[in-house]
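Counting starts at 1 for both ligands and their atoms, in listed order.
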Amino acid sequence: MRVSVFGATGSIGESTFDLLQRRDDIETVALTGGRNVARLAEQARALGAGLAVTAHDDCYLPLKEALAGSGVEVAAGTEALIAAAERPTDWVMSAIVGAAGLAPGFRALAQGATLALANKESLVTAGPLLMAEAARHKARILPVDSEHSAVFQALVGEDIAAVERVIITASGGPFRDWSFEALERATLAEAIRHPNWSMGQRITIDSASLFNKALELIETREYFGFEPTQIEAVVHPQSIIHALVGFRDGALMAHLGAPDMRHAIGYALNWPERAALPVARLDLAALSQLTFEAPDPVRFPALRLAREVMELRGHSGAVFNAAKEVALDQFIAGAIRFLDMARLVERTIDSLLSDSCLTQPIETLETVAAMDQMAREIARRHAAVLA
Ligand code: NDP
């Protein structure tokens, strides 16, 4: 099987690399990364990749040096990323973080490749377009977010019309029990201490603010096509159940597994087979109890904002995501406080409510990019006020 991995040096990329390394039937067409060229070069050598691409032009020479004598072709820059996605491949992992992951995924679908989609921003910002592109090229998108992989698996053999509701779970992150006042003072160091999952820094902070769950609500709507009223989120601190699907006969099908992304990545890699995976097996007696609680909309406004976006649709997902990315940058830089991230996103959406583009159906990637840019500029202005 021919594979390419976009975002190979990240947390999802490393888990994918781990699974690929264990197989002997894989031809690695391309691996891409950002600034971590040393690791990208190691991975490319280990998998005998045809091509290694860094997203940054200034990283070209270091990558070239690190791969000297390896026979691995080297390229750099945004255009090179797109060109890598155009190389014929059977399976592509989309694991670049943020809106930058959108364009390579589109190109991979246009080649008819199966897109294993970890980059949730693709569905949040351009869901209808992405799904249409897959249909046009008879290409398949397989969800890699653990919740969506869980829903996908619970739906195997089921009639989608029989689905009443979908419940995705949230660990609640490190601030689950924190008061509103304490959240106002939450620091970066505290936000990156996730209780259950080991992930990239950005998604870890998004988990602490529940912005990650907010993106996932929108992702659920866009990927499966359920109505917003059918989609729920529940806090489940043990992160053992990843999602549940409720059917019209009242049955709830839950997907359980250890919090290890190799579950969902492996499922997408081996689909429609189920191959053995090197993940921990659950000891239910040792777990003893699984608990659930409703998310608090006051301390975690991200979920309320996601509901607004699910209703608005159009370009509101692109605005939501762009504002969230600016908010995250500002929080990481120490310019705004933890709860200001939600304020910033809400103010950005509010600023654009009277703009008819916000709710206009998405037609092209260019309009998505234009809304993304506009939202980032507005968000930066709001950030300056909040700082
Ligand atoms: P990481 O931050 O760990 O890795 C991101 C990857 O993208 C790295 O390879 C990084 O390169 C590369 N990258 C960063 N910026 C750019 C850019 N502008 N252009 C091209 N490449 C870039 O992220 P995660 O692996 O945690 O997450 C990746 C995606 O998967 C996100 O969309 C996330 O929401 C989603 N996801 C992640 C989960 C997880 O468990 N981590 C779970 C479910 C979904 P480098 O590091 O070399 O600079």
Taking non-hydrogen atoms only, is Thr9 closer than 4.0 angstrom to ligand 1 via side chain, backbone, both or neither? both
In terms of side-chain geometry, is the basic nitrogen of Arg35 or Asp58 positioned less than 4.0 Å from the acidic oxygen of its partner? yes
Within 6.0 Å of CE in Met253, more than 12 heavy atoms from elsewhere: no
Salt bridge flag under 4.0 Å for residues Asp329 and Arg202: yes
Can you tell which part of Ala55 has a heavy atom less than 4.0 Å from ligand 1: side chain, backbone, both or neither? side chain
Is Arg343 atom CZ crowded by more than 12 heavy atoms from other residues, nucleotides or ligands, each under 6.0 Å away? yes
In the protein, what heavy atom is nearest to atom 15 (N) of ligand 1, and what distance, to one decimal place, separates them? Val97 CG1, 4.2 Å
closest protein heavy atom to atom 21 (N) of ligand 1 is Ile96 CG2, 3.6 Å
Specify side chain, backbone, both or neither for Arg39, according to which of its non-hydrogen atoms lie closer than 4.0 Å to ligand 1. neither
Exactly one of Val37, Asn36, Val53 should register a side chain to side chain contact (heavy atoms under 4.5 Å, CB included) with Cys59. Which one does? Val37
May I ask you to identify the nearest protein heavy atom to atom 3 (O) of ligand 1, giving residue, atom name and distance to one decimal place in Å? Ser11 N, 2.9 Å
Any atoms of ligand 1 less than 4.0 Å from a non-hydrogen atom of Asp145? List them with their elements. 42 (C), 43 (C), 44 (C)
Residue, atom name and distance, where the atom is the protein heavy atom closest to atom 25 (O) of ligand 1: Ile12 N, 2.9 Å
Ligand-residue contact atoms, ligand 1 with Met199, heavy atoms, under 4.0 Å: 39 (C), 40 (O), 41 (N)
Indicate yes or no: does Glu86 engage Arg107 in a salt bridge with an N to O separation below 4.0 Å. yes
Of the protein's non-hydrogen atoms, which lies at the shortest distance from atom 48 (O) of ligand 1, and what is that distance? Arg35 N, 2.8 Å
Table please: side-chain donor-acceptor pairs of residues 365-372 below 3.5 Å, with sequence neighbours left out.
| from | atom 1 | to | atom 2 | distance (Å) |
| --- | --- | --- | --- | --- |
| Thr367 | OG1 | His315 | NE2 | 3.1 |
| Thr367 | OG1 | Thr364 | O | 2.9 |
| Asp372 | OD1 | Arg376 | NE | 2.5 |
| Asp372 | OD2 | Arg376 | NH2 | 3.1 |

With nothing but distance in play, are any N or O atoms of Asn36 less than 3.5 Å from an N or O of ligand 1? yes
Flag Gly10 as yes when one of its N or O atoms lies below 3.5 Å from any N or O atom of ligand 1, and as no otherwise. yes
Suppose we measure from atom 18 (N) of ligand 1 to each protein heavy atom; which comes out shortest, and what is that distance? Ala100 CB, 3.6 Å
